[in-house]
Amino acid sequence: MTVTRKRGQGQRLLRLIRLLQQDAFDSTTLADSLACTQQEIQRDLRLLRSEGWNVQETSKRPKRYFLAPESVGEPDPVRAVITHALLRMLHHHAPTPSRVYHRAALELSEALPEKLRAGVPLHEPQGDTPRILETLAAAWCWGQAVEFTYRKPGGEPRKGVGDIAYMEINRTNLDWYVFIRRRGQDKVKTFHLSRFTDAVRRQDDFSPDLSFDPRCELDGAWGIIGGHDSCVITLRFPPEALAWVTHRRWPGQVTSSLDGEHYRLTVRAPLNHQQLPVEVLAWIRGWGPRVEVISPDWVRALWLAEAQALLDRYSQK
């Protein structure tokens, strides 16, 4: 092999490493990107593996190749169990049809012992990363404004420009949510990812620093509603409910105590735009007759009115 050819292969290997570190690619795409043949790509991949590079491949054809981070030593059991739980939640309970998402899960799985890795089979996603997710994620990461079109349930699509304050998977329904402050408005509002119909980054329009503390805004939220507008609700549970209500701390919990044979619980309930604690009321309804709303009076009245409406509608049938 001539010096020029060796130099050319060395440069191609460096470019190949950079590509494999960025994403997963099939051999055809790699060959096109590096202006070589697929046979040369396969030789280069074997060479990288022989030199100790952790080249991984996806199971579904056409196979795609990527570089996974190297594992060092034996995994810590507690760290491995935590990683296993994260993989279960992200890949199986909150799936996203995304190659990038799938690759991140594969990289996490590399840190697991074989026994735990077998318990989280990572299936190839059906489809590519949603463009809107890619756009919103990039806008948040690089601090850029975003133009978007959003459709509320039962409403018409509405265009807007805003700055992304936060993105997360909601703990209640495990869906993606985006927190955006529209230009010209003061408050950061919540948007469901699936209701975006379009999104475009404004690459030369940089977002200001937004005051958004997820611990303050979201940690006390029962669902997707957070923020500073809230009320404190006092509840009383009869003895038959104690085993199911006393074992944990609830979102927004303020106080708890035994009241004779009953259990008294106070929670801070976020209010929606109509100043109603809709998410906590939904949770209260789930207890049926095994809970009583003590205060405030207006929440107790709402709770009783819903119970009466249920009785009026179905007791005649």
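Note that the coordinates shown come from a computational prediction; the quantities given were computed from them, not determined experimentally.
Cluster annotation: F206 and I164 are assigned to distinct hydrophobic clusters (Ile/Leu/Val/Met/Phe/Trp/Tyr, side-chain heavy-atom contacts under 4.5 Å, transitive). A single hydrophobic cluster is seen to contain both V291 and L258, as judged by linkage of ILVMFWY side chains at heavy-atom distances under 4.5 Å, directly or through other members. No single ILVMFWY cluster, assembled from side-chain heavy atoms under 4.5 Å apart, contains both V161 and L136. In this structure, V200 is not a member of the same hydrophobic cluster as V178, with clusters built from ILVMFWY side-chain heavy atoms closer than 4.5 Å. Under the 4.5 Å side-chain contact rule for hydrophobic residues, L210 and M167 do not share a cluster.
From Y65, atom OH reaches atom CG of D44 across 12.0 Å, with rounding to the nearest 0.5 Å. In this structure, CH2 on W244 lies 8.5 Å from CH2 on W287, to the nearest 0.5 angstrom. We find the CZ-CD distance between R151 and E156 to be 6.0 Å, quoted to the nearest 0.5 Å. Interatomic distance, L45 CG to E57 CD, rounded to the nearest 0.5 Å: 8.5 Å. The line from NZ of K189 to OH of Y150 is 11.5 Å long, rounded to the nearest 0.5 Å. Taken from CD in E292 to NE2 in H262, the straight-line distance is 8.0 Å, to the nearest 0.5 Å.
For residues 246-261, every residue pair satisfying the salt bridge (Lys or Arg N to Asp or Glu O under 4.0 Å) rule, not counting sequence neighbours, is listed here: R236-D259, D259-R264.
The residue from F148, Y166, F179, W176 that alone fulfils the ring-ring contact (aromatic ring centres under 6.0 Å, His included) condition with F191 is F148. Exactly one residue among I294, V232, L235, I233 makes a side-chain contact (heavy atoms from CB on, under 4.5 Å) with T266. That residue is V232. A salt bridge (charged side-chain N to carboxylate O under 4.0 Å, His left out) with D198 is found for exactly one of K159, R158, R131, namely R131. Considering D32, L19, I41 in turn, L19 is the only one that fulfils the side-chain contact (heavy atoms from CB on, under 4.5 Å) rule with F25.
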query: Which is it for I169 and D175 under the side-chain contact (heavy atoms from CB on, under 4.5 Å) test, yes or no, and what are the steps along the way?
result: CA-CA 5 Å; I169 294 175; D175 283 341; over 6 Å; no
message: Walk me through whether W140 and I180 qualify under side-chain contact (heavy atoms from CB on, under 4.5 Å).
response: CA-CA 10 Å; W140 185 32; I180 297 177; over 6 Å; no
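Within the 6.0 Å centre-distance limit, the rings of H192 and Y177 are counted as a close aromatic pair.
Of all the heavy atoms in S27 and Q42, the pair that sits closest is CB-NE2, 3.7 Å. Residues Q144 and A138 share a closest heavy-atom pair of OE1-O, 4.3 Å. Closest non-hydrogen pair, T197 versus I132, comes out as C-CD1, 3.7 Å. Of all the heavy atoms in V254 and R268, the pair that sits closest is CG2-N, 3.8 Å. Nearest heavy atom pair, residue C36 against residue R12, reads SG-CD, 3.7 Å. Annotation for S207 and R183: closest pair CA-NH2, 4.5 Å, computed over non-hydrogen atoms.
At distances below 3.5 Å, at least one donor-acceptor pair connects side-chain atoms of W250 with backbone N or O atoms of V245.
Salt bridge status for E147 with R202: present, with a side-chain N to carboxylate O gap under 4.0 Å.
Heavy atoms from other residues, nucleotides or ligands lying under 6.0 Å from CG of D312 number more than 12. Crowding of W142 atom CH2: a count of heavy atoms from other residues, nucleotides or ligands under 6.0 Å not exceeding 12.
Two residues are said to be in side-chain contact when any heavy atoms from C-beta on lie closer than 4.5 Å; V299 and P277 meet this criterion. Between P208 and R181 there is a side-chain heavy-atom pair separated by less than 4.5 Å. Residues R290 and E240 are in side-chain contact: their nearest non-hydrogen atoms beyond the backbone lie under 4.5 Å apart.
A donor-acceptor contact under 3.5 angstrom links the side chains of S256 and Y263, judged on distance only.
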